[in-house]
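Note: hydrogens, waters and symmetry copies are ignored here, and every other heavy atom, side chains too, is used.
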Amino acid sequence: RYPAYACIVDTQQERPLLIIDKVCHLYLDQLYAYYNIGVTMEEVADQVDTLVKYFFKNTGKLKNYEDIRKDITIAVVNAEKNKQKVERGPHRNVEDLALIYVIKLHPMNGKTARAHITYEMLKDYGISEEQLHEQAIENSVSLIPFGDVIETEISEDSLMYGSMVLTNEERCYGAAALWYKEAQQKVTVEMQGIFYVIPSSVHELILLKDNLTLEDIEGVETTILSIN
């Protein structure tokens with residue numbers, strides 16, 4: 001459908017990407033999820049077509065800071081698995097995670113897309129990385145508020161019994177909710193002391209109370225790897 005654009009599939013990232021003309025990135029796992037719930041391949045292709053047309057129609061708008069200022073949010077990705085993407089734009093490393101900045105787009109009813117902010121875009125905006133960070137945090141809290149600290153439904157004999165999940169209301173890039181002050185306060189109250197933060201995916205964090213032995217922790221790691 002896009003003979004004028006160079007299209008490649010990048011499977012080296014944490015989530016496989018369809019990259020169109022180097023700048024338009026679509027997550028293939030999300031498209032596959034639509035197909036798995038009964039959406040036909042033709043309908044999936046139509047959704048991709050809508051996203052791509054929307055993206056390139058609004059490329060000029062993405063370069064104007066005032067046009068996108070209120071749509072900038074934060075996202076968390078695995079730093080190593082997304083090394084190339086992370087290094088292309090402003091970011092903050094936290095252990096093996098990277099906090100990046102994205103523009104939330106609204107191409108279709110009920111669906112969203114995100115454009116990753118690169119250093120080149122930041123230069124066009126004429127703002128500092130600190131200003132970008134403050135704006136992204138402020139927007140994220142209002143645009144995608146954290147949902148709640150949810151107790152997992154796990155049997156009492158499981159090593160992860162009593163664990164909790166932190167995400168946002170959209171359950172999309174919800175791991176970033178840990179950077180919300182309100183979420184931090186809520187987590188501190190719910191966990192009642194020291195706890196482990198396990199980034200099970202970019203969409204949620206698992207919180208575990210600090211009452212496990214080293215052997216228990218290794219068991220938890222095995223469990224999470226088997227799930228993901």
Side-chain angles (χ1 to χ4, degrees), residues 13-15 17 19 22-27 55 58-107 112-149 165-191 195-207:
Q13 304 297 316
E14 183 179 16
R15 300 171 66 192
L17 287 171
I19 303 176
K22 296 183 180 181
V23 292
C24 182
H25 294 185
L26 300 176
Y27 287 114
F55 182 89
N58 289 275
T59 298
K61 179 180 177 181
L62 297 181
K63 295 182 179 180
N64 188 317
Y65 180 62
E66 286 305 315
D67 285 341
I68 54 85
R69 181 170 63 89
K70 292 296 185 181
D71 293 316
I72 297 172
T73 61
I74 58 175
V76 173
V77 297
N78 182 292
E80 183 61 31
K81 292 182 179 179
N82 297 275
K83 185 176 181 180
Q84 293 182 352
K85 178 178 181 178
V86 169
E87 292 180 347
R88 284 199 300 267
H91 60 276
R92 296 189 176 194
N93 289 325
V94 183
E95 300 297 337
D96 59 348
L97 302 176
L99 185 72
I100 62 173
Y101 307 93
V102 297
I103 302 168
K104 188 176 182 181
L105 307 174
H106 311 276
T112 60
R114 288 167 174 79
H116 177 218
I117 296 179
T118 63
Y119 283 118
E120 184 178 352
M121 294 167 72
L122 185 66
K123 183 178 179 181
D124 288 337
Y125 298 158
I127 61 173
S128 67
E129 289 190 31
E130 184 59 33
Q131 288 174 303
L132 175 68
H133 178 78
E134 291 177 357
Q135 185 67 62
I137 293 291
E138 178 184 330
N139 293 345
S140 296
V141 171
S142 58
L143 290 175
I144 41 176
F146 89 97
D148 206 344
V149 184
V165 173
L166 176 66
T167 185
N168 57 30
E169 288 187 353
E170 293 184 356
R171 290 185 173 270
C172 184
Y173 285 105
L178 189 63
W179 275 261
Y180 299 4
K181 286 186 177 180
E182 184 182 356
Q184 292 171 358
Q185 294 168 353
K186 179 75 172 178
V187 166
T188 300
V189 171
E190 292 289 344
M191 300 308 291
F195 57 92
Y196 297 102
V197 177
I198 304 174
S200 57
S201 75
V202 297
H203 302 302
E204 65 180 28
L205 298 171
I206 295 176
L207 310 176

Glu120 and Lys123: CA distance, side-chain angles, deciding distance, salt bridge (Lys or Arg N to Asp or Glu O under 4.0 Å) verdict:
CA-CA 5 Å; Glu120 184 178 352; Lys123 183 178 179 181; over 6 Å; no
Crowding at CD, Glu130 (>12 non-hydrogen neighbours, <6.0 Å):
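Result for CD/Glu130: enclosed.
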4.5 Å side-chain heavy-atom contact, [X] and [Y]:
| X | Y | answer |
| --- | --- | --- |
| Val197 | Leu207 | yes |
| His133 | Leu99 | yes |
| Asp71 | Asn139 | no |
| Tyr180 | Ile144 | yes |
| Tyr125 | Ile117 | yes |
| Met121 | Ile103 | yes |
| Gln131 | Gln135 | no |

Can you tell me how far [atom2] of [Y] sits from [atom1] of [X], rounded to the nearest 0.5 angstrom?
| X | Y | atom1 | atom2 | value |
| --- | --- | --- | --- | --- |
| Leu205 | Leu97 | CG | CG | 7.5 Å |
| Leu122 | Glu129 | CG | CD | 6.0 Å |
| Glu204 | Leu166 | CD | CG | 9.5 Å |

On a heavy-atom basis, which atom in [X] and which in [Y] lie closest, and how many Å separate them?
| X | Y | value |
| --- | --- | --- |
| His203 | Thr167 | O-OG1, 2.7 Å |
| Leu132 | Pro90 | CD2-CG, 3.5 Å |
| Ala177 | Ala183 | O-CB, 3.2 Å |
| Lys70 | Glu138 | NZ-OE2, 4.0 Å |

Pick out which of Ile74, Asn168, Val102, Ile72 makes a side chain to side chain contact (heavy atoms under 4.5 Å, CB included) with Ser140.
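Exactly one candidate clears the test, Ile74.
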Quick check on side chain to side chain contact (heavy atoms under 4.5 Å, CB included): which of Glu87, Arg88, His91 does Tyr119 satisfy it with?
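In the set Glu87, Arg88, His91, the residue that makes a side chain to side chain contact (heavy atoms under 4.5 Å, CB included) with Tyr119 is His91.
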